[in-house]
Structures are given as structure tokens and as C-alpha cells.
Amino acid sequence: MRLPPSDSELVQIMDTVLADAARRAGTWLACRPGCTQCCHGAFAINALDVARLQSGMRTLEATHSEKAGAIRDRARAWIAEHGPEFPGELSTGLLGTSEEQQAQFEEFANEAACPALNPQTGLCDVYEWRPMICRVFGPPVRMGEGDALGCCELCFIGASEDQIAACEMTVPHELEERLVTETGAEGDTVVAFALLCGT
């Protein structure tokens, strides 16, 4: 799968808006290296996230092959453990789209550590190439199609609604959607399958 060249623009925008939101949030933003609550539980990622992770894995294979091998081993172990309950097509890693499968995904692998999480360091081994959902978790962002702001439950403890709103992180959804289309792929998956694509 081809990573669109403009993905670097999206990543740069996200890095900038995250830094700005973190500056405004100050100590209300609890996110720190080693805080891994958001690294547990299965979550859906799109084709652009998959292409970015594939690009990252190719880079790691060329520069840190031992680390890449450890990541792939964790991904294989994750699929071996959780694959039998995967609400989708196990051979492709694509999540199912029926109402029943979507309901099953709500309860799927909720306590499982992401295979990109290094259990020794407590850090993400593919942080530079992480999915968009990982890039927006923590600061306040608009949820779904509504106006509700959501943020990590560990953050903004004691802050008022106005104080939370003042730290909102704006996400360039239109740019992301265009780049997803440019990948030429459809359907969502989870990180474990994306890390093994092409192997």
C-alpha cells in the first residue's frame, strides 16, 4: 500500500496542533512517556494509518531490524491470542461492518496491550508513525459528528467545561479523508494486522 506524499503534511499539522494544545493545557494534560492507558484495548485504524505503519516498519527493518522483529513477534502473539474472537476477516485483518460485528468490536480485546507498546520501556516503538487516533488521544477533541468534546479520563481533572474547551485540539479531518482515499484501499483494521502487512 502506498503512503501518500502529503501524509507528511498531515503529520506536521498534527504535531503542531498537539504541541499547541499541550501548551494551553499545561498540567491538566497528564500524558507523559510511560503512561500507557491509551495503549490498551483494540481500536480501529484506517488505510492511511496502515500505510504509515507499513512505511515505519520498512524503515525499522532497514535501520533497527531487531526492534522490527520484536514488534512483529508481539503482533503475531496478539493475533494468536485474540484472533479467534476477531469480529472481521482473519485472513485479511479487515474489521467487519455489520451491526453485529461492530457491536462485538466494542467488547473485543479491551484489556490487550497494543503490540507496538514496548513492555520493557513503556514506550511506543512506532511512535513516529503512529495512527491518527493515537495522535489525538489526550487533549480535548470533537467526538463523532456532534459538538461534544472528549478527552482522556486521566486528563483535565478538576477543570471546568470552559477550561477544557479552551484547550481544544482541531483535527484536519478533510485532509485525512482525502489521503485515505489516495491510498486506494478500503476498510478498517487494527494495529496488529497493520504491523504484519507485507510479511
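All values below were derived from every heavy atom in this structure, side-chain atoms included, with hydrogens, water molecules and symmetry-related copies excluded.
Between Q54 atom CD and L196 atom CG the span is 10.5 Å, to the nearest 0.5 Å. Between I45 atom CD1 and F193 atom CZ the span is 11.0 Å, to the nearest 0.5 Å. To the nearest 0.5 Å, atoms SG (C39) and CZ (R130) are separated by 10.5 Å. Note: I13 CD1 to L18 CG = 13.5 Å, rounded to the nearest 0.5 Å.
Of all heavy-atom pairs spanning M57 and A68, the tightest one is CE-O, 3.7 Å. Scanning all heavy atoms of the two residues, the minimum distance from C167 to A21 falls at O-CB, 3.7 Å. Residues P131 and L53 come closest through the heavy atom pair CG-CD1, 4.1 Å. Of all heavy-atom pairs spanning E81 and P84, the tightest one is O-CD, 3.8 Å. Closest heavy-atom contact between P139 and L29: N-CD1, 3.7 Å. When all heavy atoms are compared, the tightest approach of I79 to A192 is CG1-CB, 3.9 Å.
With contacts defined as side-chain heavy-atom distances shorter than 4.5 Å, the pair R72/E61 qualifies. Contact check for L48 versus D7: side-chain heavy atoms found under the 4.5 Å cut-off. Side-chain contact between W78 and V191 is absent, with no heavy atoms from C-beta onward closer than 4.5 Å. No side-chain heavy atom of L60 sits under 4.5 Å from any side-chain heavy atom of S65. Contact of the C197 side chain with the V50 side chain is registered, since non-hydrogen atoms from C-beta on lie closer than 4.5 Å.
A donor-acceptor contact shorter than 3.5 Å links the side chain of D49 to the backbone of M132. No side-chain donor-acceptor contact under 3.5 Å links T183 to the backbone of A47. Panel note: side chain R24, backbone A166; a donor-acceptor pair is recorded below 3.5 Å. Distance alone, capped at 3.5 Å, is enough to place a donor-acceptor pair between the S160 side chain and the Q163 backbone. With hydrogens and angles ignored, the 3.5 Å screen pairs no side-chain donor or acceptor of S55 with any backbone N or O of A51. The backbone N or O of T97 sits less than 3.5 Å from a side-chain atom of Q102, completing a donor-acceptor pair.
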For a side-chain contact (heavy atoms from CB on, under 4.5 Å) check, start with the C-alpha distance between F43 and V190, then their side-chain angles and the critical distance, and finish with the verdict.
CA-CA 6 Å; F43 49 87; V190 294; over 6 Å; no
How far apart are the C-alpha atoms of W129 and V11, what are their side-chain angles, what is the distance that settles it, and do they pass the side-chain contact (heavy atoms from CB on, under 4.5 Å) test?
CA-CA 9 Å; W129 307 282; V11 168; over 6 Å; no
Would you please test R135 and D15 for salt bridge (Lys or Arg N to Asp or Glu O under 4.0 Å) and show each step?
CA-CA 8 Å; R135 294 173 186 273; D15 287 347; 3.6 Å; yes
Please evaluate residues R52 and L10 with respect to the criterion side-chain contact (heavy atoms from CB on, under 4.5 Å), reporting the C-alpha separation (whole Å), side-chain torsions for both, the decisive distance (0.1 Å), and the verdict.
CA-CA 11 Å; R52 190 183 310 112; L10 176 64; 4.0 Å; yes
I'd like to know whether Q101 forms a side-chain contact (heavy atoms from CB on, under 4.5 Å) with L95, so could you lay out the CA-CA distance, the side-chain angles of the two residues, the decisive distance to 0.1 Å, and finally the verdict.
CA-CA 8 Å; Q101 289 170 318; L95 286 164; over 6 Å; no
Tabulate below the donor-acceptor pairs under 3.5 Å that side-chain atoms of residues 148-156 make, not counting sequence neighbours, or state none.
residue	atom	partner	partner atom	Å
E153	OE2	Q37	NE2	2.8

Tabulate below the donor-acceptor pairs under 3.5 Å that side-chain atoms of residues 169-178 make, not counting sequence neighbours, or state none.
residue	atom	partner	partner atom	Å
E176	OE2	N46	ND2	3.0
R178	NH1	E182	OE2	2.9

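Placement of L90 and F108 within a single hydrophobic cluster is found when ILVMFWY residues are connected by side-chain heavy-atom separations under 4.5 Å, directly or transitively. Residue M14 is not grouped with residue Y127 when hydrophobic side chains (ILVMFWY) are merged at heavy-atom distances under 4.5 angstrom, including chains of intermediate members. F137 and L117 are assigned to two separate hydrophobic clusters, defined by single-linkage of ILVMFWY side chains at heavy-atom distances under 4.5 Å. Connection of F86 to L94 is not established within any shared hydrophobic cluster, with ILVMFWY side chains joined at heavy-atom distances below 4.5 Å, either directly or through further cluster members.
Counting only residues at least two apart or in different chains, side chain to side chain donor-acceptor pair (under 3.5 Å) contacts with residues 111-125 comprise R74-D125, N118-D125.
Looking at S91 and E89, their side chains do bring a donor and an acceptor atom within 3.5 Å of each other.
The 12-atom threshold is exceeded at NE2 of H40, counting heavy atoms of other residues, nucleotides or ligands nearer than 6.0 Å. By the neighbour-count criterion of 12 heavy atoms within 6.0 Å, atom CD of E85 is sparsely surrounded, having that number or fewer from other residues, nucleotides or ligands.
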